[in-house]
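Please read all numbers here as calculations on a predicted model, not as lab measurements.
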Protein chains: 2
Amino acid sequence: MGHDARRPRRELSVGEVARRSGVAVSALHFYEAKGLITSHRTGGNQRRYGRDVLRRVAVIKVAQRLGVPLATIRDALKTLPEARTPNAADWRKLSEHWRADLDARIRKLTQLRDSLDECIGCGCLSVETCPLRNPYDELGEAGPGPHLLDPG
Amino acid sequence: MGHDARRPRRELSVGEVARRSGVAVSALHFYEAKGLITSHRTGGNQRRYGRDVLRRVAVIKVAQRLGVPLATIRDALKTLPEARTPNAADWRKLSEHWRADLDARIRKLTQLRDSLDECIGCGCLSVETCPLRNPYDELGEAGPGPHLLDPG
DNA sequence: AATAAACCTCAAGTACACTTGAGAGCGAAT
DNA sequence: ATTCGCTCTCAAGTGTACTTGAGGTTTATT
């Protein structure tokens with residue numbers, strides 16, 4: 001029994017993080033440049049990561065599958081506590097945020113689908129009147145242009 | 001009464017198509033370069049469009065809201081008859097194709113959403129075991145990496 | 001100490017869907 | 001005939017999310 005009874009389990013290099021998370025080293029560099037993950041450096045300027053980076057990267061990939069852009073993921077990750085390692089409740093809060101977003105997108109797509117059959121064969125495809133075409137209607141795109149993957 | 005009893009309603013210039021369809025002139029040029037629409041030229045090399053270009057553009061914009069990439073839209077549009085002006089049935093066939101795609105995407109997102117609550121807060125975010133992370137699972141992404149907007 | 005694998009930075013390239021700008025020609029009205 | 005707006009082509013730029021490559025350093029192993 002001593003001061004190192006439970007050792008902190010050595011920190012991780014980029015390569016290790018890459019292997020264990022399934023993303024490329026270049027992507028990790030990229031995420032760091034964009035502020036989604038952080039590292040500190042060895043004397044020789046190499047990156048070292050704490051264990052929680054693995055969960056961070058996992059969450060990043062999941063959010064991407066949900067269609068959330070990196071900038072939005074970055075903002076969400078910034079709401080995590082910096083002082084302590086984020087716990088299950090912290091992560092759950094993130095997921096709730098995205099879940100709402102996802103719900104909205106699913107609703108949007110469902111309405112779009114339901115309009116599709118009625119509208120596309122008929123003559124109504126006018127920007128003003130057709131629910132499929134009007135970008136400002138209750139389907140609620142944020143502005144002009146297609147924004148299927150709108151951040152929440 | 002004569003040879004022009006019902007006039008074909010003058011053809012449209014790019015500017016007119018742009019105004020009436022709500023897309024930029026540059027986008028119309030782009031669509032033409034990509035093979036989504038066609039035009040013929042005046043003696044002075046200016047584009048002239050038949051009326052059905054308006055519906056084509058409308059369909060392009062709708063498909064984009066559904067998340068279909070231009071290349072896929074182009075392929076779909078190529079299945080339209082070239083000889084005659086496409087009729088309601090032709091357009092409906094297109095919409096059916098995309099509707100199936102859309103249904104699949106909605107299912108996918110819904111499953112992802114349902115996994116979200118269970119998985120993100122817990123410790124299971126491993127690439128091998130977690131349904132949210134495993135890219136080859138029954139959620140059925142086509143390959144590695146996020147493909148939320150997979151063409152059908 | 002030497003060697004090889006891993007790591008570093010910075011620049012440039014890729015794919016998608018366009019937009020912007022330059023420089024020049026076309027078309028309708030006066 | 002002139003003028004002004006519309007149109008032409010081609011090249012380059014935008015934003016997202018990375019990857020690739022060059023040239024050089026660090027770390028781990030022998």
### Task
Mark yes or no for whether B/Arg56, through its side chain, and B/Leu36, through its backbone, hold a donor-acceptor pair below 3.5 Å.
yes
Check this one for me: any side-chain N or O of [X] less than 4.0 Å away from OP1 or OP2 of [N]?
| X | N | value |
| --- | --- | --- |
| A/Tyr31 | D/dC18 | yes |
| A/Arg41 | C/dT9 | yes |
| A/Ser13 | C/dC7 | yes |
| A/Arg47 | C/dC8 | yes |
| A/Gln64 | D/dC18 | yes |
| B/Thr42 | C/dG27 | yes |

Nearest-nucleotide pick for [X], side chain only, options being [options]:
| X | options | value |
| --- | --- | --- |
| B/Ala27 | C/dC18, C/dC26, D/dT20 | C/dC18 |
| B/Gln46 | D/dT19, C/dT19, D/dC8 | D/dC8 |
| B/Asn45 | D/dC18, D/dT9, C/dC8 | D/dT9 |
| A/Leu70 | D/dA17, C/dT19, C/dC26 | D/dA17 |

### Query
Heavy atoms, side chains only, cut-off 4.5 Å: are B/Leu77 and B/Leu94 in contact?
yes
### Nearest-nucleotide comparison on DNA chain D, the residue closer to the 5′ end among A/Gly43 and A/Phe30
A/Phe30
### Task
Indicate, with a heavy-atom threshold strictly under 4.0 Å, whether B/Val25 touches base, sugar-phosphate, or nothing.
nothing
### Query
Contact class for A/Arg19 (heavy atom, under 4.0 Å): base, sugar-phosphate, or nothing?
nothing
